[in-house]
Structure formats: C-alpha cells, structure tokens
**Q** 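Have a look at this one.
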Amino acid sequence: MILHLTILSYALCIYETQAFRWHVNDDMSDTGRVLTLSERYMFASGDGPLLLEQGESYIDIETKLLVTSRDNVSSHFEYAVYATDFEHHADSFGLCGESASEYSWATNALIRTVPTQYTSTVKNPTTGANEYHWTAKIRRKYTVNVESWHNVAFQLCSYQGRILSAELTGTVSFKNPYGYIPAELYGLLPFEGARAVAFILFTGYFLYYYLRYQESVLVLHKAIFGVLLVAAAEACMWFAAYLTINLTGHPYCCPFPPVVVAALIMQIFRQTLSRTLLLVVSLGYGIVRPKLLNAEWIAVTAVTLLYFGIATTYEVASIVSLDVHPDEAPRSAGMLVPSMLIDLLFLMWIYLALTSTIRILTEFQQTHKLDMYNRLFSTIGLFSILFIVVSVLMSLRTTGYVSFPWQWDWLQQVSWEILNFSVLAAVCVICRPSDTSMLLSYAAQLPTEDPDDYDEDVVPDINGAADDMESRKQRSSGSRIRNDNDYSLPSADDEEFGLDHVENDRL
C-alpha cells in the first residue's frame, strides 16, 4: 500500500500538462502549421451560471515569437480569436493569405497581423553564414460576448521559405465570468462544495449519536465514523482544489498542486474504504452477527487490497497517458478492464451478501433488522438506477442519439460520487449507534408469529391439507434452533450463516 502511494505521488509531481491557462512552448517553423488552442465552450461576460459570480469573460494572450532566418527580412505572424459551433470546432482556420469570409462558420472573429521586428545578427560558427533574429510580441485581451466554443489560432507566414527556426512561448488564458474552470466543468465547484457540507453534516450527525450512546458503540460504528471522516476530508480537499484553480488559473496538472495530490490520494482511500464498509455491513457484521468468519475476513482483506492496487495503478496510468500521449488512444485502457472487473466483483459480492442476509432475516422473522436491511437495499437500488440512467443518457449523447445542453456535461463526472454519498448516508442513518446497539448485535428478536398457531387451522378431513400445513409450520419455525424455546440467529461460526446447522437440528 505504501509503495502504491509513493508511485502515485511521484507520478503526480513530475508530469506536466496544460489546462485553464495554457503555457505555450511550440515550434512554429513549419509555415503551413496552424497552432490552435482552446478550452472548449465559454460563457459570455456577465452571463455565467446561476449562483456563481457574473464577471467578465475573456481570453488573454501574452506570447512572444522568436524567429531565426537566413534572410534579413521581416515575416508576418498571424493570430485569430473566434467563436464557432461545435460542428466546426476542429476545422482549420488558415491565416496566411486567406480571407475571413472563407470561414463563415467562425463568428466574433478577431484577426490580427503582427510583423516581426529585427533584434540581432549572429554568425553561425559552423557555416560562417549570418543568421538574423526577429521577434514578435502579442499582448491582447479578447472579451467573450457570446456563449459558444472559442478557439485561438496562430500561424507564421513566410513566403521566402528560409526560416531556420521559430519558437512561440508565453501563456494563453481562458477565463469565464466566475473564474478559470472550463465552462463544461463549472458544476464541479458548487457540487464539491455541497458534497463537503453534506459529508460534514452527516459526520456531525453520526458523531452526536456516537457520543450519546458511547457505552453501546461497536467496532462497526468506529469503522463507519472513520470512513465518514475520510469522505468529508476528501470532499473538502476537492472543493479547495477547484476553488484554488478557479481563482488562480493554476493548471490542474502537472505538476499537480499539493491540494490536488492530497485529494487524489484521499479519493482512492475513500473509494476503497467505502466499498469495504458496505460489504461488511451487507455480510451482517455488527447488526445481524457480532463477528465474521476468519475466511470472510481474509477474503474481504484480499479484495480490498486488490482494489486499492488496481485503482492506484489505473490513476497513475491515466495521468501518464493523457500527458505524454495526449493525441493517442489512452494507454491506460489496459488497466480499464481490471478496474471494471474488480468493481464488478465488489458490487456482485455486496449484492449477494445483502440478499443472503435479507433472506436469513426473513426466515428467522427478525423484522426489526430486516427493516434496516430492506431500507439499505432500497437506497442502493434507487441510486444505482439513477446512475445507470445518467450513464446511458451520456453514452447516447456521445453517439448522437440524444441531445441535451453541454452545460450538463459535468453531471456524468459526479454520478459515482452521488451514488457513493447516498450509500454512505444510508449506512450512517440506518446503522447509527443507539442504546440497543449492543443487544442488536448479540441478541435476536423473538418471532412476530407463533408457528404453533398453524395447528389450529389444520383440517384433518381434507386429504393433503394437513401435510401442506405441516410444511408451512416447518418453514415458519426456521427461527427455532436446537430446541423449541431458542429463537436466536445462527452464529458466525455456522456454515452459510448457520443454515446447515439449522437444517441438521430439524432432522
């Protein structure tokens, strides 16, 4: 585990990419090349999302071009800032000699020509020929007045074809009315703020019951409280990270800001611990039975460590792939299948454990505990359906079968977080400490019906009716264990939660 954290921290700190505020360092010596930069959609000035700041929206360009040429002749450096529809966002905007009228799909276009200025002459020590240095500086602020996709394009125009080198350096910043976070991701800032507040409230809610019924606190309650603390800390870190990025325009990565590094590490811990917690609760630990089998603990520990390892490796692979090979298919795809499989393993085990526990509680007529697990099952089912619906809609939108505004794209990225929060909140409420927590774990409820009452309804004169009623009695007396006066649930040491022993005792 420590090794994985070390690898993750190292990967987060050494790779560099651009976002929000582009740091430009590009070769422009190929005069046929058009360098295009974009943060995709932008909100118009004073017309940002509700509940966020309605400031100025603009694109700020601060760049310098250094040209080395064989001829002591000025070149033209062209740049353009323009809005376009999504259908044309990838279309090339040629600047050398073309008329803006040729690009009717580009609106609100600002097109400027900057001639290079002579700075110095240097003799090449190898050839002895003179090389001439020319520079061009651009300082421009473009106000965004229309809500649309915006691009910035650069091109060096030289008709002599005698350019030796041309290097463009500087920054291009994309700022929306509320800050630097891209418009398609604006919802992440208020969402993470709301998630942090919600986790803090639920942690306080659970802590209140924890302290009030401290004498009845179980190991399970301590585990739930620990997971809530990790989840609250992670949500606060993500909110702080997005707030910092939004205010400063600092790239999301890389090197990652320290708060983002901390948030990513806490996220992996939270994902791992929350899945493990839900699994042990589904197995009945702390509510239905006071302990799990040793084999169950070994299996839970193995799956937890496996998930943590795969999740960490996948995150590192994604970061490296997106940074080193941004124009290629993601090289982290090789880890996507193991990541999906381990998630599926967790989900299937949780489902099977939960349904098995509900079945046992139903058979043993433990109505109070059964109600708790039914509520947990319903919560997981409801939010799982919502998650599936959102995922399907996003997939259909990607393939073009469904269309809805780009302003809602960020919802796809928070679907898992909503599902995770809802499940942790349900566990927090359903499994909170109470004055009967200890009894709930170590004792069983008496059946709500007396199975012997069926004897009064037996009609011996009708063939088969008595046999049928006797069968009902056998099923209803499932909570009787080892003698007619013992209604306790099977212990953790019994096979399949005690069912084999129950059946043997009935024979």
Side-chain angles (χ1 to χ4, degrees), residues 195-237 266-293 296-297 299-301 303-305 307-308 311 346-347 349-351 353-354 356-358 361 366 368-384 416-443 492:
R195 189 166 75 101
V197 171
F199 268 124
I200 291 173
L201 290 177
F202 271 100
T203 303
Y205 168 86
F206 193 85
L207 179 62
Y208 167 76
Y209 284 95
Y210 188 98
L211 296 176
R212 182 178 178 182
Y213 302 109
Q214 195 166 5
E215 66 282 356
S216 299
V217 167
L218 304 171
V219 176
L220 175 65
H221 297 139
K222 296 178 182 179
I224 295 174
F225 186 62
V227 174
L228 286 174
L229 286 177
V230 172
E234 182 240 357
C236 290
M237 287 179 183
M266 291 296 289
Q267 176 178 295
I268 295 177
F269 271 111
R270 189 261 303 164
Q271 290 172 341
T272 305
L273 295 177
S274 60
R275 283 165 172 76
T276 304
L277 174 64
L278 183 57
L279 177 57
V280 297
V281 169
S282 299
L283 288 169
Y285 177 68
I287 300 177
V288 181
R289 47 180 172 159
K291 66 176 182 176
L292 299 181
L293 295 169
E296 289 176 316
W297 279 123
V300 169
T301 302
V303 173
T304 299
L305 293 177
Y307 176 87
F308 184 85
F346 250 120
L347 293 175
W349 194 2
I350 289 170
Y351 172 78
L354 198 55
S356 176
T357 300
I358 290 175
L361 292 174
Q366 303 294 298
H368 180 68
K369 298 178 182 180
L370 178 61
D371 178 64
M372 296 172 64
Y373 274 84
N374 278 335
R375 282 187 289 161
L376 180 61
F377 187 83
S378 299
T379 302
I380 296 175
L382 173 61
F383 283 93
S384 296
W416 266 112
E417 308 305 330
I418 294 175
L419 176 60
N420 178 269
F421 170 78
S422 64
V423 172
L424 281 181
V427 171
C428 171
V429 173
I430 295 172
C431 304
R432 68 182 183 272
S434 67
D435 55 351
T436 59
S437 295
M438 197 69 69
L439 291 175
L440 193 66
S441 178
Y442 287 91

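Index from 1, following the sequence.
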**Q** Does a side-chain heavy-atom distance below 4.5 Å link W349 with V300?
**A**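 A side-chain contact under 4.5 Å exists here.
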
**Q** What distance do L273 atom CG and L229 atom CG have between them, rounded to the nearest 0.5 Å?
**A** 11.5 Å

**Q** Mind checking what makes salt bridge (charged side-chain N to carboxylate O under 4.0 Å, His left out) contact with D371, not counting sequence neighbours?
**A**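 D371 satisfies salt bridge (charged side-chain N to carboxylate O under 4.0 Å, His left out) with R375 only.
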
**Q** Side-chain contact, heavy-atom cut-off 4.5 Å: L424 with V227?
**A**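 Yes. Closest side-chain heavy atoms under 4.5 Å.
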
**Q** Taking all non-hydrogen atoms of both residues into account, name the closest pair between L376 and I430 and its distance.
**A** N-CD1, 3.5 Å

**Q** Using 30° and 60° as the class limits, which term best fits the ring planes of F199 and F421: parallel, tilted or perpendicular?
**A** perpendicular

**Q** Kindly say whether Y285 contributes a backbone atom to a donor-acceptor pair with the side chain of K291 at under 3.5 angstrom?
**A** no

**Q** Please answer whether the main-chain N or O of V281 pairs with a side-chain N or O of Y373 as donor and acceptor at a distance below 3.5 Å.
**A** yes

**Q** Do the non-hydrogen side-chain atoms of I224 and Y210 ever get within less than 4.5 Å of each other?
**A** no

**Q** Does the structure place the NZ or CZ of R432 under 6.0 Å from the centre of the six-membered ring of Y209, at an angle of no more than 45° from the ring's axis?
**A** yes

**Q** Does H221 reach the main-chain N or O of Q214 with its side chain, forming a donor-acceptor pair under 3.5 Å?
**A** no

**Q** Are L278 and S282 side-chain neighbours, meaning at least one heavy-atom pair lies under 4.5 Å?
**A**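 Heavy-atom side-chain distance check passes, below 4.5 Å.
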
**Q** Please evaluate residues S216 and D435 with respect to the criterion side chain to side chain donor-acceptor pair (under 3.5 Å), reporting the C-alpha separation (whole Å), side-chain torsions for both, the decisive distance (0.1 Å), and the verdict.
**A** CA-CA 6 Å; S216 299; D435 55 351; over 6 Å; no

**Q** Could you check whether Y208 and R212, counting side-chain N and O atoms only, form a donor-acceptor pair closer than 3.5 Å?
**A**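 Indeed, the side chains of R212 and Y208 share at least one donor-acceptor pair under 3.5 Å.
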
**Q** Answer yes or no on whether R275 is positioned over the face of W416, meaning its NZ or CZ is under 6.0 Å from the six-membered ring centre and within 45° of the axis.
**A** yes

**Q** Would you say the side-chain atoms of R195 pair up with the backbone N or O of I418, donor to acceptor, closer than 3.5 Å?
**A** no

**Q** Let's go through E296 and R289 carefully: what are the C-alpha distance in whole Å and the side-chain angles of both, what is the deciding distance for salt bridge (charged side-chain N to carboxylate O under 4.0 Å, His left out) to 0.1 Å, and is it a yes or a no?
**A** CA-CA 13 Å; E296 289 176 316; R289 47 180 172 159; 3.0 Å; yes

**Q** Do the side chains of L220 and L277 get nearer than 4.5 Å, heavy atoms only?
**A** yes

**Q** Where does the angle between the aromatic ring planes of Y205 and F202 fall among parallel (under 30°), tilted (30 to 60°) and perpendicular (over 60°)?
**A**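 Perpendicular.
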
